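Everything below concerns the one structure shown next.
What you see is a predicted model; the values in this text were computed from it and never measured.
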Amino acid sequence: MLCWFQMPGSNPFQDPVRFQRRVRPCALVIFGANGDLTKRKLIPALYRLAYERRLPTGFAIVGTSRTPLTHDAYRDQMKEAVQRFSEDTPLDENIWRDFASGLFYEAGDLQDPACYAAIAARLDEIEATRQTGGNVLFYLSTQPSHYGPAIRGLAASGLHRGKGWRRIVVEKPFGVDLSSARALDAELHLAFAEEDVYRIDHYLGKETVQNILAFRFGNGLFEPLWNRRYIRNIQITAAESIGVEGRGRYYQEAGALRDMIQNHLLQIMATVAMEPPAVFEARSVRDERAKLLRSIRLFKPGEAATHAVAGQYGPAKSGGAKLLGFREDECVSPHANTDTYAAVPFFVDNWRRAGVPFYIRTGKRLAKRVTDVAIQYNDAPHSPFEAAGMEDAVLGARPNLLVLRVQPEEGISLRFLSKQPGSGMKLRPVSMDFKYGSSFGVRSPAAYETLLLDALGGDATLYTRQDMVEASWNAVTPILEDWGNRNFDFPNYDAGSWGPAESDAMLARRGDSWRTP
């Protein structure tokens, strides 16, 4: 059976251009080159790409931050970072030597024009010696408050223009609300065209999130069942077992709703619920994601207080050890009104999804680290087994469940009822499991490997566009406004639990319940 959106014989996911592309020679400039993200994610990802011979010949990196360092000292620091944070990639001295020969460092203050002059001189040298053709990708790996000065500095120095292409990658958060997101966008467009702006959300680079697209649009089997007639609800869970872990100062200002739901989880929701694109290319895919996000029903005044649940973890004991509460973190105010847990039911106002609740929850210090999407199908319209006096609890457990596991055990699971061996008609739930790693037997690239390679190659399919950013902020703004005017009775859940009781009560009022991953 062909998917309804396909022409016979076509497959939008068999795109030889995207999957066999070659990145042109170029340089990468990292602002915040001595920061945590660069050490933990960016340089290890770039080294892995070099390890796999996926970077172009002559590729070079220019790191910049305030800390005075020589080129060799910076290379030594980044080598240590690769050894420490590359979990599945051995350090090959020959490959590292070649990689490090293109690794440079320029100390400077983002507010100082001399910083950009030094970067420009270094890029000119790289272009002459490594034949990069003037192609440059700028990466903002700084505190968000430094985005504006960096963009203005690039524009004032003329670095945003050159012989080749010039692009910029912006890390989240994209503003702290709708107005600041628009202000950041206006600054970006002072220097770069929209097609040259890459707003990175690393969740979209995860193999299993991309696999949602392949699963949905590469198979005809599930297409007829992916709508309001058959789906009772969809639950998206992003739970972390750790606390803020040294990020208390940032997290106190952000909170779970801003930090996770506004960007990562609404993007996953859009991936699950979007209409099929005509072809698998950046504009078509992002158009459909944006359309879905614009279709999210906004909360009316007063609704957020009833339907959206905020939580904050308090101290608890686990295995004899004390788990600190959020307010006990040394960087957090003892009176912080910050949400470390958020649960929200979203609805999509279109024909395919009307009436289907998307229950989204995220939290710190929950019982388990897991990110997944659970699609709960409706019960069978009639069960002959109940008539036979078999009203077992399992029959009321809504067994038809499709789970898309993003992390840590990537894969897909389909649960249904089956007859238990033996006499009589006794049923029990069973699952069919697909495990990403064991099924393919190959290593899955880390999200930043995929996303960096895409940006270097000019492919924005997995990046967020400004209209998507604004639609996401629109969806959470009524909740943020309500929570900003309330003083919660925090903490309201124990560290190590599954969150506040109010969250369970919210679903119970709708006749639903949270599943335990």
Side-chain angles (χ1 to χ4, degrees), residues 172-186 199 201 203-204 227-228 231-238 254-275 286-311 337-339 341-363 373 375 464-486 488 500 502-503 505-507 509-512 514:
K172 80 167 188 74
F174 314 119
V176 297
D177 53 23
L178 181 58
S179 61
S180 59
R182 286 173 172 166
L184 173 60
D185 182 61
R199 300 171 188 84
D201 182 336
Y203 266 60
L204 293 180
N227 59 66
R228 61 185 298 274
I231 295 175
R232 180 183 178 90
N233 65 67
I234 297 175
Q235 297 184 20
I236 302 175
T237 297
L257 184 64
R258 279 190 175 94
D259 189 52
M260 288 295 294
I261 292 182
Q262 183 273 328
N263 43 78
H264 299 321
L265 301 188
L266 284 180
Q267 289 297 328
I268 290 180
M269 174 180 166
T271 304
V272 169
M274 63 186 266
E275 294 297 313
R286 298 203 294 177
D287 281 349
E288 296 301 337
R289 277 203 181 102
K291 189 187 302 180
L292 189 283
L293 291 168
R294 288 195 299 269
S295 300
I296 294 175
R297 185 189 308 166
L298 304 183
F299 283 101
K300 296 177 182 177
E303 288 185 335
T306 304
H307 300 295
V309 174
N337 202 41
T338 306
D339 52 300
Y341 177 96
V344 184
F346 288 107
F347 290 85
V348 176
D349 287 335
N350 64 25
W351 279 27
R352 186 187 292 264
R353 310 291 173 209
V356 176
F358 287 77
Y359 298 126
I360 298 183
R361 63 174 169 171
T362 184
V373 179
I375 300 168
T464 306
R465 205 167 56 191
Q466 178 63 16
D467 56 344
M468 299 157 69
V469 171
E470 294 190 15
S472 297
W473 277 119
N474 271 326
V476 301
T477 293
I479 307 169
L480 289 171
E481 290 176 346
D482 176 78
W483 290 2
N485 294 320
R486 293 169 62 189
F488 293 100
E502 293 91 332
S503 181
M506 179 185 72
L507 264 67
R509 289 194 295 269
R510 301 175 180 275
D512 293 318
W514 291 112

Report task. Determine yes or no for a side-chain-to-main-chain donor-acceptor pair under 3.5 angstrom, with Thr338 supplying the side chain and Gly255 the backbone. Result -> no
Query - Those residues that, when tested against Glu481, pass side-chain contact (heavy atoms from CB on, under 4.5 Å) (two or more places apart) - result: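 Expected list: Thr477.
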Requested in this report: Applying side-chain contact (heavy atoms from CB on, under 4.5 Å), name anything that partners Arg232, two or more places apart in sequence or on another chain.
Outcome: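 side-chain contact (heavy atoms from CB on, under 4.5 Å) check on Arg232 returns Gln376, Asn378, Arg398, Asp512.
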**Report entry** salt_bridge(Arg258, Asp339) N-O dist < 4.0 Å
**Finding:**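 Judged by the 4.0 Å cut-off on N to carboxylate O distance, Arg258 and Asp339 do not form a salt bridge.
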Query raised in the report: In terms of side-chain geometry, is the basic nitrogen of Arg294 or Asp467 positioned less than 4.0 Å from the acidic oxygen of its partner?
Result: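 Yes.
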So do the side chains of [X] and [Y] get within less than 4.5 Å of each other, counting heavy atoms only?
X	Y	answer
Thr271	Arg289	yes
Met260	Ile360	no
Lys172	Gln262	no

Report task. Before giving the answer on side chain to side chain contact (heavy atoms under 4.5 Å, CB included), spell out for Asn474 and Leu178 the whole-Å C-alpha distance, their side-chain angles and the decisive distance to 0.1 Å. Result -> CA-CA 7 Å; Asn474 271 326; Leu178 181 58; 3.4 Å; yes
Requested in this report: Determine the interplanar angle of the Tyr359 and Trp514 rings, folded into 0 to 90°, and report it as parallel if under 30°, tilted if 30 to 60°, perpendicular if over 60°.
Outcome: perpendicular
Query - Ring geometry between Phe488 and Trp483 (parallel below 30°, tilted from 30 to 60°, perpendicular above 60°) - result: perpendicular
**Report entry** Euclidean distance, Arg353 CZ relative to Arg297 CZ, rounded to 0.5 Å
**Finding:**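 These two atoms lie 14.5 Å from each other.
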For [X], what residues pass the salt bridge (Lys or Arg N to Asp or Glu O under 4.0 Å) criterion, not counting sequence neighbours?
X	answer
Arg182	Glu470
Arg228	none
Asp177	none

Requested in this report: State which residues pass side chain to side chain donor-acceptor pair (under 3.5 Å) with Ser472; sequence neighbours excluded, sorted by chain then number.
Outcome: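 Scan of Ser472 (side chain to side chain donor-acceptor pair (under 3.5 Å), adjacent residues dropped) gives none.
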